[in-house]
Every structure is written in C-alpha cells, then in structure tokens.
Amino acid sequence: MLNASYWLTNVRLEQGYVVEEGQVVGTNTMSCHLRIEGSTITEIVGAELKIESNLPKYDCKELLMLPSFEEAHIHLDKTYFDGPWKAVEHASSIFERIEQEKVLLPKLLPLAKQQAESILTLIQGFGATHVRSHCNIEPVSGLHRLEATKQALDRFSGKISSEIVAFPQHGLLRSDSVQLVKQSLTEGATHVGGVDPFTVDGDIEKSLQIMVELAVLNNAGIDIHLHDGKEAGKKTLLRLADLTEEAGLHGKVTVSHAFWFAGAQLQEAEEMASRMATLGMSIASTVPIGKTMMPLPMLFEKGVNVKLATDSLTDHWSPFGNGDQLEKVGRFAELYGCVDELSLSQSLGFITGGITPLDQKGQQVWPKVGDTASFILLHASCSAEAVARRSQRQAVWYEGRLVSGSL
C-alpha cells in the first residue's frame with residue numbers, strides 16, 4: 001500500500017514515433033516523474049528536474065508505464081482453475097454439454113468463491129483492473145453463482161472494477177430462466193446475457209425481445225453469446241441491431257464470439273459491421289484460430305468496438321485460456337500480421353478499452369494530468385515490444401493504489 005499522495009520517479013513514458021522515409025521504425029520514450037494524488041495523476045515532469053517535495057518518492061527504475069488492461073469476457077464462476085487438472089470430456093453438441101454441466105455445476109459450487117478469487121488474483125497480476133464476468137443464471141444454479149461471484153469481487157473492492165452478465169447458459173427460454181435473470185438484475189448483475197437464440201432457445205424473435213425488454217426495464221446492458229453461423233447467425237445479428245436501435249441501447253450491446261463473421265462473405269460482413277458500428281455495438285473475441293478465425297481487423301476498421309478476452313480459463317468447455325491479456329493481444333498480432341512498430345503499438349488498444357500511449361499519428365495522448373492512475377509498470381522499451389514479447393509485468397496500479405506486484 002502506497003501513501004495517498006506520492007511521486008513515482010524515473011518512469012518510462014512513450015513520447016512519439018520514430019519515422020524514417022515515411023515509415024514508423026521505432027518509439028521515442030523519456031524518463032519522467034509522476035505525482036499521484038488519491039486516484040489521479042496530478043503532475044508529470046521530466047526526470048531531469050529535481051523534485052522539491054516532501055512527499056514519498058518511489059523509484060520505478062525506467063520501467064515502462066502502460067494503461068492497465070480490461071478483461072472483457074471471462075467466466076469466474078465455473079472453472080477447474082486452482083484445482084486438479086482435468087481435460088474436457090467429449091460432447092457431440094451444445095445440448096449434451098449442457099446436460100453434462102447440470103451434473104457438474106453443483107459439485108463445483110462449494111469452491112466457486114475461492115476459485116473466482118484465485119482467477120482475479122491471477123488476471124490482476126497480469127495487469128487487468130477491469131473485469132466483465134459472465135455468471136451462470138439457470139435453474140440448476142439459481143442465484144448461488146451470482147452470490148459467489150459477488151463475494152469474490154467484494155474481496156477485490158478498491159482493487160478492480162467489474163461488471164456481471166446474468167448468463168442463462170442453458171437457454172433463456174429453453175431452461176425457463178427469464179425470472180431468474182430478472183431477479184439477478186436487481187441483485188447485482190449489470191448485463192442481460194443470452195446464448196444462441198436460434199439453436200438453443202429455438203425462437204430468435206422471442207429470445208431477443210425478452211433480453212432487450214429486461215435490459216431497458218433495468219437500465220442494463222446486453223452481452224449475448226452468439227456461436228450460430230450462416231443464416232441463423234445473420235438473422236440474429238440483424239434483429240439484435242434493429243432492436244438495439246428501437247430500444248435506444250446505443251453503446252450498451254456486446255456480441256460475444258459472433259462466429260457468423262468467420263464464415264460470412266466479405267461484403268455482407270462489412271455491411272453488418274457498419275450497421276453495428278453506427279449503434280456503438282461491441283464484439284468480444286478470444287481471437288479464435290482455424291475455421292472460426294474472425295475478421296477482427298475489418299470489424300475494427302469499420303468502427304466496431306472490438307475487445308479481446310479470455311472466456312474460459314480451464315473448465316469443462318475448454319482446457320485453454322491463461323488469463324493473460326498481453327498474451328491474447330500478442331496472439332492477435334501474430335494471427336493478423338501486426339509485425340511493424342505502428343501496428344504492434346496500436347494493437348494494445350484492444351485490451352485497454354481503446355487507450356494507447358500514442359495515437360495513430362504518434363501524438364502522445366496517455367498519460368495526461370487528470371487521468372485516473374490505473375496503469376502497469378513492465379519490463380519493455382515500448383508498447384510494440386510489450387505486445388510482441390509479452391513482457392514481464394512488475395507492478396499494477398488501480399486508481400492510485402498498488403494492487404499487484406512491487407517496486
């Protein structure tokens with residue numbers, strides 16, 4: 001724990017790009033001192049200046065400062081993490097997996113709070129200071145998983161900001177979970193969830209209408225799992241866009257996965273992306289490889305708010321996922337050919353809520369005096385190196401507090 005007011009000395013900050021023959025070939029940085037007052041950065045000066053102050057001073061030894069990360073989609077409430085290793089059992093369909101889950105969930109519940117806390121500790125160490133957790137809300141779990149998730153997040157009060165999606169994993173309509181989701185929104189959930197209105201619920205219109213109605217009545221957002229492709233995926237996205245516009249939910253709707261884009265024709269995909277962008281809709285993606293590889297750069301270029309995420313962190317759906325957002329954006333860079341200084345540097349925005357130290361033109365835009373003091377100190381010379389090399393994190397701050405690591 002640091003004092004309420006203090007100086008961080010010898011912090012490396014990015015200042016601009018090095019351009020040769022019209023191409024970005026490097027990043028200029030300088031050593032600075034930053035004064036933190038409460039949760040805010042209140043002064044930034046060059047390290048060549050001597051600080052005339054009685055406030056405590058903490059030497060950052062030229063570590064690079066970057067914006068802290070946002071975990072846009074994770075399941076804190078059902079996991080094998082912090083327990084014995086177990087690979088995924090075969091399931092021929094989502095319905096078979098749901099039946100398996102109905103048996104498994106009660107067995108996992110007693111450890112849900114402890115495991116959620118372990119995951120929060122893990123992702124915080126990697127640099128996350130905001131998390132959106134999807135939480136099972138269905139007849140098998142009732143609101144017990146919501147309670148465990150809330151208790152875990154309460155333990156991290158003042159260390160991480162959070163959102164909770166009421167996620168009817170077994171189908172909003174199919175498992176008759178509407179009232180449970182409605183109740184969860186009065187007891188701590190911030191978003192209405194859903195899953196494949198066509199395949200799982202069997203009624204795109206009714207499923208989406210209820211989600212939107214619940215969101216509007218409870219002043220909540222929407223974050224829907226959408227794995228459906230082809231015509232079902234297209235119809236779901238089009239109708240969700242229309243309802244988002246009609247209900248005035250601009251900027252409050254996220255589509256997680258959105259695998260329809262992976263198999264869509266380019267022109268159709270671009271038209272859908274443009275429509276989503278006009279409504280401020282987001283896509284949360286795990287950066288899938290293989291048949292479900294997503295056109296994430298195109299979505300971003302069209303103005304869709306693209307966020308990268310962990311999703312499962314070793315559970316009965318997937319044995320993969322390590323909770324490291326820097327690893328995730330590094331995979332994005334590898335998959336989409338971000339190998340030059342500019343594209344590597346700018347890709348950082350996919351895990352920081354859009355914040356990068358330099359903008360596309362190389363203007364220094366973060367940190368500024370008045371910004372919230374949520375950041376990471378890490379062992380890298382610049383953002384591009386941090387993304388490409390998944391650089392070691394030394395310490396993490398949230399709103400002026402050192403919440404992970406040490407100097």
Side-chain angles (χ1 to χ4, degrees), residues 69-81 87-88 91 94 97 101 116 119-120 122-123 126-128 130-136 162-165 167 169 191 193-196 199-200 221-229 233 236-237 253-264 269 272-273 276 281-300 304-338 347-354 387 390:
F69 303 153
E70 172 186 332
E71 173 54 76
H73 180 131
I74 198 168
H75 295 262
L76 294 176
D77 68 308
K78 52 179 186 182
T79 180
Y80 295 147
F81 185 75
V88 169
I94 190 172
R97 182 70 74 210
E101 184 169 291
I119 293 174
L120 288 167
L122 178 79
I123 66 173
F126 286 137
H130 181 77
V131 60
R132 178 181 290 187
S133 178
H134 292 251
C135 180
N136 260 48
S162 61
E163 298 166 305
I164 300 176
V165 182
F167 176 43
Q169 172 74 81
H191 288 67
V195 58
D196 295 335
T199 295
V200 177
I222 292 175
D223 192 331
I224 176 177
H225 284 62
L226 185 59
H227 313 96
D228 283 337
T236 304
L237 285 168
V253 175
T254 298
V255 183
S256 289
H257 311 310
F259 289 150
W260 173 80
F261 282 99
M272 187 76 77
M276 292 177 70
M281 295 173 75
S282 302
I283 284 182
S285 177
T286 60
V287 194
I289 55 180
K291 289 186 292 184
T292 51
M293 179 175 168
M294 293 280 291
L296 298 179
M298 179 278 288
L299 290 165
F300 175 71
V304 177
N305 186 17
V306 176
K307 297 172 180 285
L308 306 186
T310 294
D311 193 14
S312 297
L313 199 150
T314 181
D315 63 9
H316 52 286
W317 294 86
S318 170
F320 308 115
N322 65 4
D324 186 351
Q325 286 294 78
L326 200 54
E327 173 66 36
K328 187 66 67 174
V329 75
R331 179 156 109 174
F332 173 96
E334 285 192 76
L335 192 59
Y336 299 105
C338 301
S347 67
L348 188 72
F350 291 113
I351 60 169
T352 62
V387 170
R390 284 75 155 174

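Distance check: Ser285 OG to Lys307 NZ gives 13.0 Å after rounding to the nearest 0.5 Å. For the atom pair CG (Leu348) and SG (Cys338), the distance works out to 12.0 Å, reported to the nearest 0.5 Å.
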Could you walk me through whether Arg132 and His191 pass the side chain to side chain contact (heavy atoms under 4.5 Å, CB included) test, one step at a time? CA-CA 9 Å; Arg132 178 181 290 187; His191 288 67; 3.2 Å; yes

Set out, in order, the CA-CA distance, both residues' side-chain angles and the distance that settles side chain to side chain contact (heavy atoms under 4.5 Å, CB included) for Ile283 and Met276, then state yes or no. CA-CA 9 Å; Ile283 284 182; Met276 292 177 70; 3.8 Å; yes

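Applying the ring pair (Phe, Tyr, Trp, His ring centres under 6.0 Å) criterion to His257, with sequence neighbours excluded, gives His73, His225, His227, Phe259. Residues meeting the salt bridge (charged side-chain N to carboxylate O under 4.0 Å, His left out) test with Asp324, sequence neighbours left out: Arg393. Applying the side-chain contact (heavy atoms from CB on, under 4.5 Å) test to Pro319 and every residue at least two apart in sequence or in another chain returns Trp85, Val88. Taking Ala262 as the reference, Met294 meet the side-chain contact (heavy atoms from CB on, under 4.5 Å) condition, with sequence neighbours excluded. Partners of Phe300 by side-chain contact (heavy atoms from CB on, under 4.5 Å), not counting sequence neighbours, listed by chain and number: Val306, Phe350.
Using a 4.5 Å heavy-atom cutoff, the side chains of Leu226 and Asp196 are in contact. Between Phe69 and Ile123 there is no side-chain heavy-atom pair separated by less than 4.5 Å. Considering only heavy atoms from C-beta on, Phe81 stays 4.5 Å or farther from Leu76 through its side chain. Taking the side chain as every heavy atom from C-beta outward, Ser318 and Asp311 never approach each other to under 4.5 Å. The side-chain heavy atoms of Leu335 and Leu296, taken from C-beta on, include no pair separated by under 4.5 Å.
Among all heavy-atom pairs drawn from Leu299 and Ala273, the shortest one is CD2-CB, 3.7 Å. Closest non-hydrogen pair, Ile224 versus Val195, comes out as CG1-N, 4.3 Å. Minimum heavy-atom separation, Phe261 to Ala269: CE2-O, 3.4 Å. The minimum heavy-atom distance between Ser312 and Asp315, with the atom names listed, is OG-OD2, 3.2 Å. Nearest heavy-atom pair, Phe167 versus Gly194, reported as atom, atom and distance to 0.1 Å: CE1-O, 3.6 Å.
Of the residues Lys78, His75, Arg97, the one that meets the side-chain hydrogen bond (donor to acceptor under 3.5 Å, both in side chains) test with Gln169 is Lys78.
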Show the atom names and distances, to 0.1 Å, of all donor-acceptor pairs under 3.5 Å that link a side chain in residues 325-334 to residues at least two apart or in another chain.
residue, atom, partner, partner atom, Å
Gln325, NE2, Glu70, O, 3.0
Gln325, NE2, Leu308, O, 2.8
Glu327, OE1, Arg390, NE, 3.3
Lys328, NZ, Thr286, O, 3.0
Arg331, NE, Val287, O, 3.1
Arg331, NH2, Thr286, O, 3.3
Arg331, NH2, Val287, O, 2.7
Glu334, OE2, Arg390, NH2, 2.8

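Checking side-chain atoms of Asp77 against main-chain N and O of Asn136 turns up a donor-acceptor pair under 3.5 Å. When atom types are taken as modelled, the side chain of Glu71 and the backbone of Thr310 share a donor-acceptor pair closer than 3.5 angstrom.
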